[in-house]
Each structure stands twice: as structure tokens, then as C-alpha cells.
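Encoded as C-alpha cells, the structure appears first; notes follow it.
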2 protein chains.
Amino acid sequence: MDVSLLVCTTCRAGQPVIEGEPVPGARLHAALERIGAPEGVRILPVECLSACSNGSAIALAGPDRWTYVYGQMSDADAPEIMQGAAAYAETPDGIVPWRERIAIFRKRSIARIPPIG
Amino acid sequence: MDVSLLVCTTCRAGQPVIEGEPVPGARLHAALERIGAPEGVRILPVECLSACSNGSAIALAGPDRWTYVYGQMSDADAPEIMQGAAAYAETPDGIVPWRERIAIFRKRSIARIPPIG
């Protein structure tokens, strides 16, 4: 079953906006697209995940599984994010065992939401 | 269509745990249950929304609508939370217009997640 990697493309990550230059969220989205999504994952750009004080923000979500929101991500984290997204996609419920979870996901969690019927 | 008000019952809200006393998340859950859920809303206790540094945390979620996560809630906020939950339930997509949104929801947003197909 496919899961979504939501990427906030409007995140400023606390940095001033420079005219003509993409904001950090847009740069992160571009870096993820360059790498390409692993099997079972689609990259979904979103305008504002309302986690502005913890940007750049991403989320992993899918049907009948836990949703996870992570913050303080930058384009330099893109390769690791894709590893984490692949591990998330491989689980039946979205819960990657703590020891197997990548460090940036362990340390920069904003919230998780259980699947609701 | 019914929506869920998820309440983290393990939130400590940065306070030390006192043996024999409920943690702030459990107190918030109890306060919400005392008021009772408005029509179309069910209260769903959850163990850990992983928003520990912003507790106590709650979330509003439902099928085919935006999910919202809010933090820094206490049992004193229970009446307002129920107002906000009722307004959320009355929308088709979960988006309560900004001007109509209760102040504690405007000010204490942790994240929002779009509905994904």
C-alpha cells in the first residue's frame, strides 16, 4: 500500500525570505525529488503544515497507519529522509521500531497521530 | 460524519510526576469527559502523541479531512477545546475559518496534515 511523504514547500525555517530564491521548504522538496521516492512512497508537496516554528516540516502518512510529523529538516537531510520513508513504507502500521528508526526521526519528532476508524 | 478528539493521556506537560496523582494529560482527558463530547465528536484517549515538549497535546481528526494537532493544553482549556471540536466537526474538510477559530487553537498549533487519498 502506498504511503505519502508530505513536504511543506512554504517552510521558511526561521530564515528571512530572499527575493527570487526558494524558501528552505522548497529547497528540501527539490532535493527529495532529485533523489526520487523509494518504492511504495510518493512525494506530496503541501502548502503549510502549520509547524512553522519547527520548520522545515515533513510528514509520513498512509491509509490505516500512524502519521508522523517531523521538523527541523533541511535539504542536507534528504538522503536520510528517504531511508526513513522507505522503512516507514515497509511496516504494516507505520511504526518503525525505535532502534531501527533513523536518528533525525528519533530526535526531531513533532507529533504522531494514530490511525482512526 | 463523526470526528475524533484525540487526547494524549500520558502527557506530563513538563511537570514532575507525583506518585498517585494523574499526569496533566490524564487530567485534561478527565475534564473533557466531564463536559462530554458535542454531537458528531468522540473523545479518544491515546498513549503519547509524541509531542512531549509541547504537551499536553490533543488532535482533531476524521475521514477525508485535515488533521490538526494542538499543544500546551490544560484541563482549564477543556470548555474551549469542546467549542473548537464542535466547530471542526461542523466543517466538511476540517478547516475552520481563521477568524472563527478559537484563540487557543490559533495560538497553540503544533501541526496540521491534509487528507490524503
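All chains are named by letter (A, B, ...) in the order of the sequence lines, taking the proteins before the strands, and each is independently numbered beginning at 1.
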Self-check item: Side-chain donor or acceptor of B/S50 paired with backbone N/O of A/S109 under 3.5 Å
Solution: no

Quiz item: With a 4.5 Å heavy-atom cut-off, do A/I116 and B/L44 have their side chains touching?
Solution: yes

Quiz item: Linking Ile, Leu, Val, Met, Phe, Trp and Tyr through side-chain heavy atoms less than 4.5 Å apart, which residues share a cluster with B/V17?
Solution: B/V23

Quiz prompt | Heavy-atom pairs under 4.5 Å with chain B, option from A/C52, A/C48, A/A57 with the top count | solution = A/C48

Quiz prompt | Passing option when B/V69 is tested against A/V69, A/I110, A/L49, A/I113 for side-chain contact (heavy atoms from CB on, under 4.5 Å) | solution = A/I113

Quiz item: If you count the non-hydrogen atoms of other residues, nucleotides and ligands that lie under 6.0 Å from CZ in B/R12, is the total more than 12?
Solution: no

Practice problem: Using non-hydrogen atoms and a 4.5 Å limit, figure out which bit of A/L6 sits close to chain B: side chain, backbone, both or neither. | Solution: side chain

Quiz item: Do you know which two heavy atoms are closest between B/E47 and A/R112, and how far apart they sit?
Solution: O-NH2, 3.1 Å

Practice problem: Could you walk me through whether A/T67 and B/T67 pass side-chain contact (heavy atoms from CB on, under 4.5 Å), step by step? | Solution: CA-CA 10 Å; A/T67 296; B/T67 297; over 6 Å; no

